[in-house]
Structure formats: C-alpha cells, structure tokens
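Below is one structure, written out as structure tokens, with a few remarks after it.
The figures that follow rest on heavy atoms only: side chains count, while hydrogens, waters and symmetry mates do not. Chain naming here is simple, since letters A, B, ... match the order of the sequence lines and numbering starts at 1 in each.
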2 protein chains.
Amino acid sequence: MLTHTAEDYLERIYMLSLRLERVKSSDIAKEFGIRTPSVISALKLLKEKGFVHYRKHGAVTLSEKGMERALDVYDRHKTTYRFLRFVLGVPDGIASADACGMEHSVSPETADAMKDFFSFIRLKKDAGVDIQGEFQKFRKEKPTVGKRARYSDTDSGTRRLSVVKDGIRCVILKLDGDREVKRRLLDMGVIPGETVEIRNRGPLGFPIEILIQGYVLTLRRDEAESVIVREA
Amino acid sequence: MLTHTAEDYLERIYMLSLRLERVKSSDIAKEFGIRTPSVISALKLLKEKGFVHYRKHGAVTLSEKGMERALDVYDRHKTTYRFLRFVLGVPDGIASADACGMEHSVSPETADAMKDFFSFIRLKKDAGVDIQGEFQKFRKEKPTVGKRARYSDTDSGTRRLSVVKDGIRCVILKLDGDREVKRRLLDMGVIPGETVEIRNRGPLGFPIEILIQGYVLTLRRDEAESVIVREA
DNA sequence: CTATAAAATTAGGCAGACCTAAAATAAGCC
DNA sequence: GGCTTATTTTAGGTCTGCCTAATTTTATAG
C-alpha cells in the first residue's frame, strides 16, 4: 500500500516532531539529504492519501493514520536496531544503517520474535547465563570462518541424498523435483557446490539431520530425494 | 551502484540457473510474477552494465561480475533466512518473504555476525546448552508482551534523566541536545512515551544502566542529560 | 513448406522518486 | 511600509520499474 520511501517519510516526520516544534519540508529534506522540491512532491502524495496534514508554507503533521503507520515502522526500526546492536553486537553506525533498510521488510512476526529474544536473554542473564557476553567472547576468540566451495561438475557416483549413508561427505550437484520444495531447500542453503553430511536420522530412516556449512538442518524424505549429490 | 531490483534479478537468475537448463526471460517473469516486457528491459540494463549475457531470443546467463554479485546477495538471503527461521523460529513462508526484502540491507558485518551466531549456538548445543530449544520453549510459555504507552503531556516534575535517582520509574517526555546523540537514543528506543528506570550505575555515577521496554541499556552522562523525563 | 499458434520483443505509457532552474511567498531590516 | 534576502513552491526533466498493445520472431502442425 505504501512504498518504502513513503514509510520512511512518515517515520522521519515522526522522529523530527519529537525534537522540533514545527516540522517544515526543508527539515525533512535536510534529514534525508535530498532537495526540498522532492520532499514537497512526496508530501503532496502523502497528503492525498491522508497520512499527513500540510498546507502551503505551513508545518507538516501526521494524521491519525499517518501516526499509526509511523509508530509501526519506527517500532520495527528500533527492534531491528537493538537486535543487531545488542544481540549480534554489530557496531552502532552499521546497525543503524542496516536497520533503516530492514525495517521495511521485517514482518510483525519477526519483530515479535526479536522482542521475545530480548526477554529471553534477559531472563537467562538473571539466571546467571550471559548469552550476549558469551557470544561476544566467542566471536573474539574465533575470528575466521571458512569460505564456501564453488560449483564443480563431474558425474562419478551421483545419487540422491535420500540414499546416502550417514557420515559420508557429499557435494550437492543439483536440485530436482517440486518447485516449492526447491525453494525451501535453496532458502536453507541447500545449493549446488555446498558440502553436506548426514549426521543423524529418525527411527524410520527419516527425517534426516544434515550438516551443511556448519549448520544442522532437518530434511524430510521428499526433500532429501530432490537433492542430487556426489561423494566428496 | 545496483538497485534492489537489479540485485533481485541477478539472484533470481542464479537460482533459476540451478534448476533450469536455459534461463529465458519468461522464466524470470514467471518467477517474479511480472510481465515479460518488464524483464526484457531490466535485462537490457543489466547487460549494458555487464552483469549478464543475453541475446535476442536467447538464454540469459550471468557474467563473472554478475555471478559474484548474485552469490553475494544469495549468501545474505540464505543467512538471513536461516537466522529468522532457525534462531528466531519465524515460520517458513514469513521468514522467506522477510529475507527477500532484508537481504538488500544486510551489511557484511551483520551477515557475519549472524553466521557466527549459528556457530556459537552449535558450540553451546554440543556443550549441552540448547539455546534455540530453550528460546522456543520460552516463547510458548510466555505468549504476551505489554504494549507501549502513548505520549502524554503534563509538566509536573519534569527533569533530566541524568539527575533522576535509581529505581524511580519515569516517562520520557522529550529529547534534547546534540543531533547525533538524539539519533542514537531514538535508535535504541529512548523515545517520548516510553517508561524508563535507572537500574544501576557506574562507580562515578555514570554511565547509568536503564531499563526500558524490558531491555537494559547503558547511557553515558551526555546521553542521560538529553533525556527529559517526568516521574511516572 | 506454409499456416497458425506461441513466445519474445518493441513501442509507448504511467507512477514514483529524485533533480535543476525559475517563480512565488514569507521574513528581516531600515 | 517597502526592499532585500531567504525560503518555499511550481515547472519541467530524468531514470527506474512496471504496464498494455502491437509487432516480430520462432516453433508446431498439417
């Protein structure tokens, strides 16, 4: 319904209104580092859509609808920023910049999960387990991470991951099968060129637990069947 | 240098190339749910800029430069997706959609931090501490979170946070002072309407540790000075 | 090998988000 | 109050990213 840019305008108007008596178009322009005419035309659109009140040469204010939206975006910004900064330990400036972009894509579900993660961490801390602190310490001590292998094509011993035995390291050659399954696999990082290894499996042989890029995933039989691999 | 959309095209071309012999413009269109002419013009631009190889009625392939960028975006996508899905426990479809938007804003620093967080969690798990599992359990047991108070203006007993005593709950009324300081405070969620409480402080009185929206932050003296509050 | 169907491309249009240059309005000063 | 200066707005332009409709090219069937 609203573009990212429009959301940004609302958010900024809100933030400016917290520290300025009257928010003028030029304030917004300064804030974004763009020219006033650009702001004016953006404001016209926002006014047409009922998100702001604005008269020629007057101050900009958010309508009820605009305020609601601004608070919503701002909440996601804040949550994302805090998460990056205090959970992941990303430096201030970078966290801020990343949050500016990410806020528009963060769903309420994700934002809630982040908030809950704070509470969780806090609870643990009160119980004497400092997850944040331990993570930061961990990062300091283990600064390097391996790089991903590149795709390479040979066809000796190709088979489906569903028939590979546990503990055998394989290179993923190709994905196959249902579109939706492929999307999931690709999302999880099950992609050609990566190395996988079956780590464990359910009592009936499936689901299998695979180790990929240092991370453990669980695959159902149909998913494992659409992964074509070769022994590494 | 490249727009988000252009990055999306490169990423999609890469993903399609993993499962399709020849990637045609119509495949891309189908993937994005847009019309072929739109794809054609996007491809022309990408070709001009040297990111793809493409001839009329032919297949699309990524150039070296294009492949590099595609892998880069894809890596951020994957990392973000995994993080949302497996650390925060966001449902599959939502995690996927969020990651699609967030990938363009995630800096290398943030991506690295997320990757390290995986390793960290895995290390802890091997040591018998299942952070993920505990977090999910925590979420199930504690489903509700309080809402944020709205801004309200009265001027009885307003003062700066820097002079407030420990353990007194205050409502933030306004921010004041240096632009950069304000930005940081706003980013952290120190905004009008929120309730704060000083929890602890350094040996010299500063920095102070405040509790805000269930989260603990540390503020330096200058930061505390630009926060104007009223006792709640 | 031609007729027809399907797919890809060109042409042209529209909205968003920015710009510069020029005109209109508001503010400050004697 | 009138004049200069600063600010704001209008006018008009560009580029991206999508669209539809028309055209061209390729594929398919008889």
To the nearest Å, how far apart are B:His57 NE2 and C:dA6 C1'?
12 Å

C:dA17 P sits how many Å from B:His4 NE2, rounded?
13 Å

Within-4.5 Å side-chain heavy-atom neighbours: B:His53 and B:Lys47
no

Can you identify which nucleotide, out of D:dT9, C:dA17, C:dT9, has its nearest atom closest to the A:Thr3 side chain?
C:dA17

To the nearest Å, how far apart are A:Leu45 CG and D:dT10 P?
13 Å

State, without any angle test, whether B:Gln213 and A:Arg82 hold a side-chain donor-acceptor pair at a distance under 3.5 Å.
yes

Over 12 foreign heavy atoms within 6.0 Å of CZ, B:Arg35
no

Whole-Å gap separating P (D:dG17) and CG (B:Asp8)
10 Å

Separation of atom NZ in A:Lys44 from atom P in C:dA15, rounded to whole Å
15 Å

A:Arg76 and A:Glu7 ion-paired at < 4.0 Å:
yes

Check this for me, if you would: do B:Asp187 and A:Lys78 make a salt bridge, where the nitrogen-to-carboxylate-oxygen distance has to be below 4.0 angstrom?
no

In whole Å, I'd like the distance from the NZ atom of B:Lys24 to the P atom of C:dA7.
8 Å

Please determine if A:Glu68 and A:Lys65 form a salt bridge, counting it only when a charged side-chain N lies under 4.0 Å from a carboxylate O.
no

Measuring to OP1 and OP2 of C:dA17, would you say a side-chain N or O of A:Thr5 lies under 4.0 angstrom away?
yes

Quiz question: by atom type and distance under 3.5 Å, do the side chains of A:Arg221 and A:Ser162 form a donor-acceptor pair?
no

Distance, rounded to the nearest Å, where A:Arg55 contributes CZ and D:dT8 contributes P
15 Å

Does the side chain of B:Ser26 get closer than 4.0 angstrom to OP1 or OP2 of C:dA8 through an N or O atom?
yes

Are any of B:Lys56's side-chain N or O atoms less than 4.0 Å away from OP1 or OP2 of D:dT26?
no

Find every protein N or O atom lying less than 3.5 Å from an N or O atom of nucleotides 19-21 of chain D, and list the pairs.
| unit_1 | atom_1 | unit_2 | atom_2 | d |
| --- | --- | --- | --- | --- |
| D:dC19 | OP2 | B:Arg35 | N | 2.9 |
| D:dC19 | OP2 | B:Ser38 | OG | 2.5 |
| D:dT20 | OP2 | B:Arg35 | NE | 3.4 |

Salt-bridge criterion met for B:Glu231 and B:Arg159 (N-O under 4.0 Å)
yes

Does the distance from a Lys or Arg side-chain N to an Asp or Glu carboxylate O, for B:Asp75 and B:Lys115, drop under 4.0 Å?
yes

Under the rule for side chain to side chain contact (heavy atoms under 4.5 Å, CB included), what residues qualify as partners of A:Ser107, not counting sequence neighbours?
A:Glu109, A:Thr110, B:Ile94, B:Asp98

Please list each protein N or O that sits under 3.5 Å from an N or O in nucleotides 1-3 of chain C, with the distance.
none

Please report, rounded to the nearest Å, how far the C1' atom of C:dA22 is from the CD1 atom of A:Ile40.
15 Å

For B:Tyr54, answer base if it contacts any base atom (sugar-phosphate contacts may also be present), sugar-phosphate if it contacts only those atoms, and nothing otherwise; contact means non-hydrogen atoms under 4.0 Å.
sugar-phosphate

Options C:dT9, C:dC18, C:dG16, nucleotide nearest the side-chain atoms of A:Tyr9:
C:dC18

Per nearest nucleotide of DNA chain D, the residue lying toward the 5' end, B:Ala42 or A:Asp27, is A:Asp27

